[in-house]
Amino acid sequence: MRGLSLYQRSSLSLWRRRGARIENEPYGFFSSGSFSSGSFCTDTTDGLQSSKVKIFDRHLKRKQRDRAAWLMRPKDSFVDAVAENLLDRLEDCKKSFPSALCLGGSLEAIKRLLHGRGAIEKLIMMDTSYDMIKLCKDAEKDVHNEKIETSYMVGDEEFLPVKESSLDLVISCLGLHWTNDLPGAMIQCRLALKPDGLFLGAILGGETLKELRIACTVAQMEREGGISPRISPLAQVRDAGNLLTRAGFALPGVDVDEYVVKYQSALELIEHLRSMGETNALLQRNNMLNRETALATAAIYDSMFGAEDGTIPATFQVIFMTGWREHSSQQKAKRRGSANVSFKDIQEQFGSEN
């Protein structure tokens, strides 16, 4: 695993978009081209079932994404590193991807760092947050991707409003881990792809913010005599491969990176999480945080994990997933029993040479 240390000396920088915020705007999309209509991925019954278990408050998460659009750091080092790592996989592919969909999460970073990779001609940017979509639309003039026809759409990853078999590439960078039905969302991503289409995903893994989890648990036990969920549950590495297989992707691939980001204080860490839209959205959450518990958490965090230079580390585990929609040109495993060479013969041959 690769360690990456990112450190910013200045406190959290805040910026706001110019123009008035639009309230009560209906869901829709901004387009520089056309948006295809037809049967959607959610219209099929190909193993897709809506999750009955609700873990996250999707309405709250949309509000958090709206707030993040106002608080987002320009060129966030951590977000850019994850987006760059994910997009690097396009350079390993010889084929081009004329039509692509980018889902939630780090939309702005993906668009800004694309740099012509994948030979994308048409790109759809989709998020549950109107403000986040508006931010990406406003930032379009600063991104030099003139050859890409870009559409902007407000939609939900759990109910993709995309025509089946209409895309060559689906990218999700730091967004899918907030869906209640992650397997269902990934099935819809597969159905949206054309045969031999590519899915690229990055989600936060179970080791993310382990330092904060420990500090918060100890502080709650000390001050309140019990614990309540403060940090959302996240997928483990071993689950990622199963998710790709369950969703029906061919040639699944999973790898993991850990990024260690340094902050001046626990407060700066929380502000960074807010600017990314990554704060707690559990349905069964305690809406109030006791002031003494919060101060104790910050003190315990600093005493247990503080560095000599006065900073505190925060670990972000990122799971990268790659999968293809099945196609006849892809390599396939031979049927069991079809081998014409014995491993015993190979062992004897190489053993005799040694």
Heavy-atom pair with the smallest gap, counting every atom of [X] and [Y]:
X: Ile312; Y: Gly306; answer: CG2-CA, 4.1 Å
X: Ile187; Y: Ala247; answer: CG1-CA, 3.6 Å
X: Leu113; Y: Leu87; answer: O-CD1, 3.6 Å
X: Cys102; Y: Ile110; answer: SG-CG2, 3.8 Å
X: Pro233; Y: Leu282; answer: CD-CD2, 3.5 Å
X: Gly104; Y: Asp127; answer: CA-OD2, 3.3 Å

Can we say [X] and [Y] salt-bridge, meaning some charged N sits less than 4.0 Å from an Asp/Glu carboxylate O?
X: Asp168; Y: Lys95; result: no
X: Arg62; Y: Asp156; result: no
X: Asp57; Y: Lys61; result: no

Notebook entry, point to check: Does the pair Met276 and Leu174 meet the rule for a side-chain contact (heavy atoms from CB on, under 4.5 Å), with working shown?
Noted result: CA-CA 9 Å; Met276 293 191 296; Leu174 300 179; 5.6 Å; no

Notebook entry, point to check: Any chain of hydrophobic side-chain contacts (each under 4.5 Å) joining Leu243 to Val237?
Noted result: yes

Is a side-chain donor or acceptor of [X] paired with a backbone partner of [Y] at a separation under 3.5 angstrom?
X: Glu108; Y: Ala69; answer: no
X: Glu326; Y: Ala250; answer: no
X: Thr245; Y: Asn242; answer: no
X: Gln188; Y: Leu160; answer: yes
X: Glu211; Y: Tyr301; answer: no
X: Arg190; Y: Gly197; answer: no
X: Ser129; Y: Met132; answer: yes
X: Tyr259; Y: Ala314; answer: no

With rounding to the nearest 0.5 Å, note down the distance linking [atom1] in [X] to [atom2] in [Y].
X: Arg213; Y: Thr315; atom1: CZ; atom2: OG1; value: 11.5 Å
X: Gln236; Y: Ile319; atom1: CD; atom2: CD1; value: 7.0 Å
X: Arg65; Y: Leu60; atom1: CZ; atom2: CG; value: 13.0 Å
X: Arg325; Y: Asp196; atom1: CZ; atom2: CG; value: 11.0 Å
X: Arg117; Y: Glu91; atom1: CZ; atom2: CD; value: 5.0 Å
X: Lys262; Y: Gln264; atom1: NZ; atom2: CD; value: 11.0 Å

Next item on the list: Could you please spell out the steps behind the side-chain contact (heavy atoms from CB on, under 4.5 Å) verdict for Asn85 and Val318?
Entry: CA-CA 10 Å; Asn85 197 340; Val318 182; over 6 Å; no

Next item on the list: Answer yes or no: are there more than 12 heavy-atom neighbours, outside Arg89 itself, under 6.0 Å from its atom CZ?
Entry: yes

Next item on the list: Ignoring hydrogens and angles, state whether a donor on the side chain of Glu84 or His115 is under 3.5 Å from an acceptor on the partner side chain.
Entry: no

Notebook entry, point to check: Is there a donor-acceptor contact under 3.5 Å linking the side chains of Thr311 and Asp309?
Noted result: yes

Margin query: Can you tell me how the ring of Phe199 sits relative to the ring of Phe249, calling it parallel under 30°, perpendicular over 60° and tilted otherwise?
Written below: parallel

Next item on the list: Look at the rings of Tyr263 and His272 and say which category their plane angle falls in: under 30° parallel, 30 to 60° tilted, over 60° perpendicular.
Entry: tilted

Checklist line | Test log, rule side-chain contact (heavy atoms from CB on, under 4.5 Å), inputs Met304 and Ile214 | finding: CA-CA 9 Å; Met304 293 183 67; Ile214 294 172; 3.8 Å; yes

Next item on the list: With side chain to side chain donor-acceptor pair (under 3.5 Å) as the test, would you mind laying out the steps for Glu157 and Ser172 before giving the verdict?
Entry: CA-CA 10 Å; Glu157 298 96 331; Ser172 176; 5.9 Å; no

